[in-house]
Amino acid sequence: MSWALFMKFLVISDIHDNLVNLEKCLNWGRGQDIVNTICCGDVANAETLAYLAENFKAIYLVRGNLEIYDESEIKKYKNINYLGRFGVFAVDNKIIGLCHEPWYIESVLKIKPCQIVFYGHTHEPWIEEKYGIITANPGTLGGVFSKASFAVYDSGSGRLELKILELL
């Protein structure tokens, strides 16, 4: 588990190689001084993975079910904290869980109790608090089956909000 001190993150998932939407999200984030991301998987190809690595200071990443890049590609980038299919990390003394499919949330919580668990896969933006744990899905940045969306997470304050890309 890595310990880091960052304040704001763009939380993204299910990009599915939509570089236009990724760039729009990234540019909005830069305007808000957000340079870090939590990615809940389904980046898709090596070009999109490289774009993430070149444009974010720190990246926490899990593997989605539709990745077509080779995992050896990840080793090229020192700013990617790769957690495999699921894992946990700490920021601002908060334990954060990360997975792609929601059925891995229980596996994440078995590693270590978390204050928040981010997941993807369903393409539906969602925030829920249950038993003192927040589970949150930023939706699909790729805009597949629903409007393109992402979340903004401030690890210092705990503030979490969903954003619809076309409304920015």
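The two residues Ala136 and Leu160 make their nearest non-hydrogen contact at CB-CD2, 3.6 Å. Asn21 and Ala148 make their closest contact through ND2-CB, 3.5 Å (heavy atoms, listed as atom of the first residue, atom of the second, distance). Contact detail for Gly120 and Ser13: the closest heavy-atom pair is CA-OG, 3.3 Å. A pairwise comparison of heavy atoms in Tyr104 and Cys99 identifies CB-CB, 3.7 Å as the closest pair.
Annotation: side chain of Val88 is in contact with side chain of Val108 (closest heavy-atom distance under 4.5 Å). In this structure, Leu162 and Trp126 have side chains that are not in contact, with every pair of non-hydrogen atoms separated by 4.5 Å or more. For the pair Tyr153 and Ile96, the minimum side-chain heavy-atom distance is below 4.5 Å. The side-chain heavy atoms of Leu141 and Asn18, taken from C-beta on, include no pair separated by under 4.5 Å. Tyr51 places none of its side-chain heavy atoms less than 4.5 Å from the side chain of Val43. A heavy-atom distance below 4.5 Å is not found between the side chains of Ile12 and Ile38. Cys25 is listed as a side-chain neighbour of Phe150, based on a closest heavy-atom distance under 4.5 Å.
Side chain of His123 to main chain of Phe145: no donor-acceptor pair is present (N/O by atom type, distance under 3.5 Å, no hydrogens or angles). Side chain of Ser149 to main chain of Pro138: a donor-acceptor pair is present (N/O by atom type, distance under 3.5 Å, no hydrogens or angles). Under a 3.5 Å cut-off, the side chain of Asp17 and the backbone N or O of Asn45 do form a donor-acceptor pair. Distance alone, capped at 3.5 Å, places no donor-acceptor pair between the Lys8 side chain and the Val152 backbone. Checked by atom type and distance alone, the side chain of Asp92 pairs as donor or acceptor with a backbone atom of Gly156 at under 3.5 Å. Side chain of Asn79 to main chain of Ala53: a donor-acceptor pair is present (N/O by atom type, distance under 3.5 Å, no hydrogens or angles). For Asp70 (side chain) and Ser72 (main-chain N/O), a donor-acceptor pair under 3.5 Å exists by modelled atom type. A donor-acceptor pair is defined here as one N or O able to donate and one able to accept, closer than 3.5 Å; such a pair exists between the side chain of Thr37 and the backbone of Leu10.
Remark: Arg63 fails to qualify as a cation-pi partner of Phe86 under the 6.0 Å distance and 45° angle criteria applied to the six-membered ring.
Evaluated for a salt bridge (Lys or Arg N to Asp or Glu O under 4.0 Å) with Arg85, the options Glu101, Glu67, Glu71 yield exactly one hit, Glu101.
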Open item on the list: Run Gln115 and Ile133 through side chain to side chain contact (heavy atoms under 4.5 Å, CB included) and show every step you take.
Closed with: CA-CA 5 Å; Gln115 284 83 22; Ile133 300 166; over 6 Å; no

Open item on the list: Between Thr48 and Leu22, is the side chain to side chain contact (heavy atoms under 4.5 Å, CB included) condition met? List the steps.
Closed with: CA-CA 9 Å; Thr48 305; Leu22 180 56; 4.1 Å; yes

Task: Trace of the side chain to side chain contact (heavy atoms under 4.5 Å, CB included) decision for Phe89 with Lys94 - done: CA-CA 8 Å; Phe89 62 97; Lys94 291 182 177 69; over 6 Å; no

Open item on the list: Let's go through Asn36 and Ile59 carefully: what are the C-alpha distance in whole Å and the side-chain angles of both, what is the deciding distance for side chain to side chain contact (heavy atoms under 4.5 Å, CB included) to 0.1 Å, and is it a yes or a no?
Closed with: CA-CA 6 Å; Asn36 306 300; Ile59 301 164; over 6 Å; no

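By the rule that hydrophobic residues join a cluster once side-chain heavy atoms approach within less than 4.5 Å of another member, Ile80 and Val11 end up as members of separate clusters. No single ILVMFWY cluster, assembled from side-chain heavy atoms under 4.5 Å apart, contains both Ile164 and Ile127. By the criterion of side-chain heavy atoms lying less than 4.5 angstrom apart, applied directly or through intervening Ile, Leu, Val, Met, Phe, Trp or Tyr residues, Val91 is grouped together with Ile134 in one hydrophobic cluster. Under the 4.5 Å side-chain heavy-atom criterion for grouping Ile, Leu, Val, Met, Phe, Trp and Tyr, Val62 is connected to Phe118 within one hydrophobic cluster. In terms of hydrophobic clustering, with Ile, Leu, Val, Met, Phe, Trp and Tyr side chains grouped at heavy-atom distances under 4.5 Å, Trp28 and Phe56 are assigned to a common cluster.
Using the six-membered ring where Trp is involved, His121 and Trp103 have ring planes that are perpendicular, over 60° apart on the 30 and 60° scheme.
Sorted by first and then second residue, the pairs that involve residues 128-144 and meet side-chain hydrogen bond (donor to acceptor under 3.5 Å, both in side chains), not counting sequence neighbours, are Thr122-Asn137.
Taking NZ of Lys163 as the start and CD of Gln32 as the end, the distance is 7.0 Å to the nearest 0.5 Å. Once rounded to the nearest 0.5 Å, the distance linking CG of Asp42 with CD1 of Ile15 reads 9.0 Å. The CD1 atom of Ile95 lies 7.0 Å from the SG atom of Cys114; values are rounded to the nearest 0.5 Å.
Of the charged side-chain nitrogens involved, at least one lies within less than 4.0 Å of a carboxylate oxygen, so that Arg159 and Glu161 count as a salt-bridged pair.
With ring centers used as reference points, Tyr82 lies 6.0 Å or more from Tyr60.
Remark: Lys24 pairs with Leu165 by the side-chain contact (heavy atoms from CB on, under 4.5 Å) rule, at least two apart or across chains.
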